[in-house]
Every structure is written in structure tokens, then in C-alpha cells.
Amino acid sequence: MARKKTLHVTDTEFAVLRVLWQHGKETARRITEEVYPNCSASDFATVHSMLKRLESKGAVNRDRSTHPHGFVAAVTESDIAGLKLTELADQLSDGSMAPFILHLMEAQKLSQEEADAIRKMLKNYKPKGQ
């Protein structure tokens, strides 16, 4: 039951995306200051490389009409969370999400409100193609 290959985002790329989700359009310098508070030249080079990779993956859009260039996330935090969960499910449970939900329930990691919301979603759930 393996799913199609997903967009892979490293933890550091995720940190860059998080800055963009929180602040919207930002320059590479501003992103570097958020991710690396000491903001050395090598930190700036690292963030610039990550932005290039994220742009090539389609996760970030670059506005070349301004100088310095501005960057904005092309994916949502929810998109990436879903991709990471799917990737983990593929690795650990042949693509099944049920073990994750069951674990959260058994470990009592869900609030009553979250459990109620999941019950409501499951009640209304219709698999694709049905």
C-alpha cells in the first residue's frame, strides 16, 4: 500500500519554511537572522543554498522583481506535515495511518476536543473514488 514519492524536506529546510509561514515574504538575510541568530557569512550561504533547493523542489517561490530577492513559501505547513506523516507511515507501517492514530489514542496524547474532531471527520470520511 505504498504511496507515491513525496517532496522531501530536511529539518533545516523546514526551519526556513517555518520562518516564511510565520512572516510571509522575506529576504534571505532576514531568514538567516531568524534561523541562525548569530548570522555568520557561512550561515547566510547555508540558507541561500537551502532556498535554492527549496525553490527547485517547488516549495518556495522567489520574487526576482525586488532587490534583494524576496522568498515566499509555495507549500503550507499542513502540506508538509501531511507529506512527513505519509513518509513515516510508508517507512513504518506500509502506508497505513491507523497505527499513528491508535498510538496517539493509547498514549492519551489527544485532548477530548481533538478526539471529538477526529470522530466527526471519520464519521464523514469518504475514501477517494467512492
Side-chain angles (χ1 to χ4, degrees):
M1 174 170 194
R3 290 180 171 79
K4 66 179 183 166
K5 182 129 175 88
T6 60
L7 169 70
H8 178 73
V9 176
T10 67
D11 290 342
T12 312
E13 290 170 338
F14 184 78
V16 168
L17 285 169
R18 178 162 273 154
V19 171
L20 295 174
W21 293 324
Q22 290 172 349
H23 300 285
K25 185 176 175 182
E26 290 287 359
T27 65
R29 172 67 56 196
R30 183 76 182 95
I31 295 166
T32 305
E33 291 168 353
E34 286 285 322
V35 176
Y36 299 104
N38 294 332
C39 196
S40 70
S42 66
D43 294 335
F44 180 75
T46 298
V47 168
H48 192 64
S49 294
M50 280 188 279
L51 287 165
K52 281 182 171 176
R53 278 197 311 269
L54 287 166
E55 184 180 18
S56 72
K57 293 177 181 182
V60 165
N61 291 327
R62 180 192 304 241
D63 180 0
R64 297 176 191 277
S65 69
T66 62
H67 187 70
H69 294 169
F71 296 88
V72 65
V75 293
T76 66
E77 193 167 3
S78 179
D79 292 335
I80 296 300
L83 293 171
K84 285 191 169 283
L85 280 172
T86 299
E87 199 173 84
L88 190 57
D90 286 344
Q91 288 175 339
L92 299 177
S93 58
D94 197 28
S96 175
M97 291 292 174
F100 296 103
I101 295 169
L102 292 172
H103 172 75
L104 291 172
M105 290 169 47
E106 289 169 357
Q108 297 180 339
K109 297 283 185 183
L110 296 175
S111 69
Q112 187 62 50
E113 294 80 20
E114 291 169 325
D116 291 343
I118 290 170
R119 272 189 210 91
K120 184 177 179 181
M121 285 187 278
L122 287 172
K123 182 179 177 188
N124 297 321
Y125 178 72
K126 300 277 188 262
K128 287 183 180 178
Q130 289 188 356

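Residue indices begin at 1 and follow the sequence shown.
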In terms of side-chain heavy atoms, does Thr76 have a donor or acceptor partner in Ser78 at a distance below 3.5 Å? no

Under 3.5 Å, is there a donor on one side chain and an acceptor on the other for Asp94 and Ser96? no

Which heavy-atom pair separates [X] from [Y] by the least distance, and what is that distance?
| X | Y | result |
| --- | --- | --- |
| Ser93 | Pro99 | CB-CG, 3.8 Å |
| Gly70 | Lys25 | CA-CE, 3.8 Å |
| Thr32 | Cys39 | CG2-SG, 3.6 Å |
| Asn61 | Ala74 | ND2-CB, 3.6 Å |

Verify same cluster id: Leu92, Leu85 (apolar side-chain graph, 4.5 Å):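 Same cluster.
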
Same cluster or not: Phe44 versus Val35, using hydrophobic residues (I, L, V, M, F, W, Y) connected whenever any side-chain heavy atoms lie under 4.5 Å apart? no

Which pairs, with at least one residue in residues 66-80 and sequence neighbours excluded, count as a salt bridge (charged side-chain N to carboxylate O under 4.0 Å, His left out)?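 Of all non-adjacent pairs touching residues 66-80, those that pass salt bridge (charged side-chain N to carboxylate O under 4.0 Å, His left out) are Arg18-Glu77.
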
Hey, what do you get for [atom1] ([X]) to [atom2] ([Y]), rounding to the nearest 0.5 Å?
| X | Y | atom1 | atom2 | value |
| --- | --- | --- | --- | --- |
| Lys126 | Asn124 | NZ | CG | 7.0 Å |
| Thr27 | His48 | OG1 | NE2 | 11.5 Å |
| Arg62 | Leu54 | CZ | CG | 11.0 Å |
| His8 | Ile80 | NE2 | CD1 | 10.5 Å |

When you compare the side chain of [Y] with that of [X], does any pair of heavy atoms fall below 4.5 Å?
| X | Y | answer |
| --- | --- | --- |
| Ile31 | Glu34 | no |
| Phe71 | Val47 | no |
| Leu83 | Val9 | no |
| Thr12 | Tyr36 | yes |
| Val16 | Leu51 | yes |

With sequence neighbours excluded, tell me which residues meet salt bridge (Lys or Arg N to Asp or Glu O under 4.0 Å) with Asp43. none

With sequence neighbours excluded, what pairs up with Glu13 under the salt bridge (Lys or Arg N to Asp or Glu O under 4.0 Å) test?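 Result, salt bridge (Lys or Arg N to Asp or Glu O under 4.0 Å) vs Glu13: Arg53, Lys57.
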
For His69 and His67, take the angle between the two ring planes, folded into 0 to 90°, and tell me which bin it lands in: parallel under 30, tilted 30 to 60, perpendicular over 60. perpendicular

Just to verify, which of Gln112, Glu113, Glu114 counts as forming a side-chain contact (heavy atoms from CB on, under 4.5 Å) with Asp116? Gln112

